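Take a look at the structure set out below.
Quick note: numbers below take in every heavy atom, side chains included, and nothing from hydrogens, waters or symmetry partners. Just so we're clear, the structure is a prediction, and the values are computed from it rather than from any experiment. Residues: numbered from 1 along the sequence shown.
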Amino acid sequence: MAMLCLLSNIAFAGGDDALEYFTEPTITIFDSNDFLQDPCLNSQKAFRGVHFQGLANFGFFEFKEPVSFDYSYFEGPAHFAAAQFVGEAQFKNVNFESYTGFRYAQFDESATFTNTQFLEKSTFWDSQFRKEAFFDSATFNDETEFHKTLFAQNVSFYGTHFKSPINFLRTRFNETSQFNQAIFEKRTDFTNTIFEQEANFIKTQFKDSAHFLRPKFKGKVSFDKSDFGRYTQFENMSFENGCSFFDVTFNGETHFQHVGFTKADFRESEFMEMAEFGNSAFHQQTNFVDARFNDKTLFKRTFFNGEANFMRSTFVGRTDFEIVQFYKTANFKYSSFRSPLVINATFKGKVNFASSNFYNDVKWDQTHFERTVNFKHAHFHGNTSFEKIQFGSKVDFTKAQFDSKVSLAQSILPEVMILTGIQTKNIIDFTPTRPPQSGKVCHINLVGTDLTKIKLNYQLFKLYFPKTIDGVPVSNKTKTVVYESLLRKFKDEGLTESYQLLDLEYQEFKWLTTQQNAPTLQRLSSSYLYYVQYIGWKFGYAQERLYIWMSMVFFLCVARRFEKRKYKYVFINRAT
């Protein structure tokens with residue numbers, strides 16, 4: 001006990017900030033009984049600026065008062081196993097040159113390790129931080145373990161540098177955790193870690209692999225402006241209160257498999273290698289605006305229960321949206337797909353691919369669109385397959401451009417299809433298509449369309465003219481041009497039935513046109529002539545009706561004459 005007091009007196013010989021040396025050539029051992037009885041060790045600054053040459057063993061010590069090891073230097077191993085810090089514990093600007101162990105340590109008040117360096121292996125396995133903990137700007141040069149550590153209140157690793165593998169396996173963060181601007185040089189493992197409240201990894205660097213396997217994020221999570229290294233894994237987990245990956249760079253393979261997202265933000269993020277979101281579910285709004293996928297991208301068996309926004313996204317590698325379900329609006333406006341695209345999905349809400357570029361082949365096979373689909377100004381550079389697709393209420397291809405073949409075999413038409421001003425180098429054949437799911441015909445808009453590039457069976461269609469196109473009213477003259485051009489096309493191709501169906505529509509259109517702004521007498525006369533021709537013999541397409549009418553008139557005349565003779569005979573007989 002006397003030697004212990006002497007050593008602590010030596011520690012303070014040079015003042016609070018002075019670095020003094022224990023002169024013992026062997027290890028320095030503090031016995032817990034001596035510690036509890038020695039008044040020399042009852043000061044908050046008892047170990048400030050101390051140089052420990054040998055083993056510093058504080059195992060099972062109970063620090064009843066606040067204690068400071070600030071600016072101390074541990075040349076040998078430092079053992080704080082099962083130590084209990086009843087008051088505040090300060091380890092600011094400390095150098096641990098050898099093994100450092102805080103296993104089973106308990107910090108009842110705040111603990112500070114700011115600017116501290118751990119040069120060899122360190123462990124906080126099963127330690128407990130019951131109040132705030134600070135590891136800001138600390139450096140961990142060797143393997144580090146926070147296995148099963150408890151952080152009961154806020155913890156900060158702001159600017160902390162982990163130069164070797166680090167694991168937070170089964171660690172529990174009960175309140176806010178901060179890893180902003182931290183650097184993880186090697187493998188980082190957060191397997192089975194629990195984040196009860198907000199977790200921030202803003203501008204954090206994961207230079208090697210980062211593993212988030214089965215963690216629980218119960219609060220908001222932010223990885224904004226962070227960099228991920230050669231491999232990133234988020235698997236079998238959920239973000240229960242939203243996550244943000246805004247402006248994040250994923251430099252290696254990235255896997256978000258079996259992940260549950262609430263509100264997810266991936267705006268301006270870039271995936272340098274393969275990105276996989278297989279078997280995941282986005283339960284609320286999902287934002288991939290201005291995201292860039294440079295390699296293969298997989299969204300197989302993924303569910304988007306909220307709005308999905310991929311506007312201005314770039315997909316450089318092969319992209320698969322197989323067996324994907326979009327329950328609300330899906331927005332891919334101004335997006336770019338530079339490699340083959342496979343979409344075998346169900347879109348239950350509105351879909352927008354307006355002004356998108358498809359630079360290679362696109363397969364939409366067996367995709368279901370239940371509502372409106374917008375392909376205005378879209379450019380299809382490669383082959384496009386809409387085989388066995390099911391369109392919903394409306395499809396808009398206004399001024400879309402097709403540079404290669406388009407296949408529509410066994411596709412179910414929408415109730416409204418707009419082909420205004422489309423450009424295509426090959427004929428688009430609609431004859432293998434099927435009628436809309438409703439059983440009605442498809443109303444098709446062909447204003448400004450090169451009809452030589454369109455092949456269709458008019459039994460499935462009916463011309464449709466909107467009131468305006470791009471704000472310009474559609475005139476009767478424009479409609480007449482479409483009718484007459486399509487009639488000539490059907491006549492030249494020998495499609496008699498299609499010609500007949502369209503001509504009947506045209507006759508009705510001309511009659512309705514004469515009704516507009518015409519005097520009452522003229523409208524009545526026009527209506528009488530129209531119905532006589534339509535009912536009488538369907539404008540020459542049902543001549544059998546004329547024979548029927550003539551037969552009926554002849555029969556009525558004969559019957560009338562017979563009735564007259566009968567009444568005359570009866571009258572004469574009664575008179576006599």
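- With 3.5 Å as the limit, one finds no donor-acceptor pair spanning the side chains of Ser222 and Asn200.
- Relative orientation of the Phe58 and Phe69 rings is perpendicular, given thresholds of 30° and 60° on the angle between their planes.
- Evaluated for a ring-ring contact (aromatic ring centres under 6.0 Å, His included) with Phe212, the options Phe256, Phe168, Phe223 yield exactly one hit, Phe223.
- In this structure, a donor-acceptor pair under 3.5 Å is absent between the side chains of His79 and Asn57.
- The aromatic rings of Phe391 and Phe386 lie tilted to each other, with the angle between the two planes from 30° to 60°.
- Side chains of Asn192 and Arg214: a donor on one and an acceptor on the other come within 3.5 Å.
- Within the 6.0 Å centre-distance limit, the rings of Phe201 and Phe190 are counted as a close aromatic pair.
- A donor-acceptor pair shorter than 3.5 Å cannot be found between the side chains of His147 and Asp126.
- A salt bridge is absent between Lys363 and Asp361; no separation between the charged side-chain nitrogens and carboxylate oxygens falls under 4.0 Å.
- His258 and Glu235 are not linked by any side-chain donor-acceptor pair at a separation below 3.5 angstrom, with hydrogens and angles left out of the test.
- Considering only heavy atoms from C-beta on, Lys186 stays 4.5 Å or farther from Lys163 through its side chain.
- Below 30°, between 30° and 60°, or above 60°: for Phe332 and Phe321 the angle between ring planes is above 60°, a perpendicular geometry.
- Two rings, from Phe288 and Phe277, have their centers less than 6.0 Å apart.
- When only modelled atom types and interatomic distance are considered, Asp108 and Gln84 share a side-chain donor-acceptor pair under 3.5 Å.
- Taking the six-membered ring for Trp and thresholds of 30 and 60 degrees, Phe179 and Phe184 have ring planes inclined between 30 and 60 degrees apart.
- Ring geometry for Phe85 versus Phe102: interplanar angle of 30 to 60°, hence tilted.
- Of the N and O atoms on the side chains of Asn357 and Ser336, not one donor lies less than 3.5 Å from an acceptor on the other residue.
- No side-chain donor-acceptor contact under 3.5 Å links Gln106 and Tyr104.
- Donor-acceptor pairing under 3.5 Å is recorded for the side chains of Glu276 and His255.
- Between Phe234 and Phe245, the gap from one ring centroid to the other is short of 6.0 Å.
- A parallel orientation is assigned to the rings of Phe91 and Phe113, their planes being inclined by less than 30° (bins at 30° and 60°).
- When only modelled atom types and interatomic distance are considered, Asn344 and Thr367 share no side-chain donor-acceptor pair under 3.5 Å.
- Neither side chain, Asn251 nor Glu273, offers a donor N or O lying under 3.5 Å from an acceptor on the other.
- Residues Ile166 and Phe146 are in side-chain contact: their nearest non-hydrogen atoms beyond the backbone lie under 4.5 Å apart.
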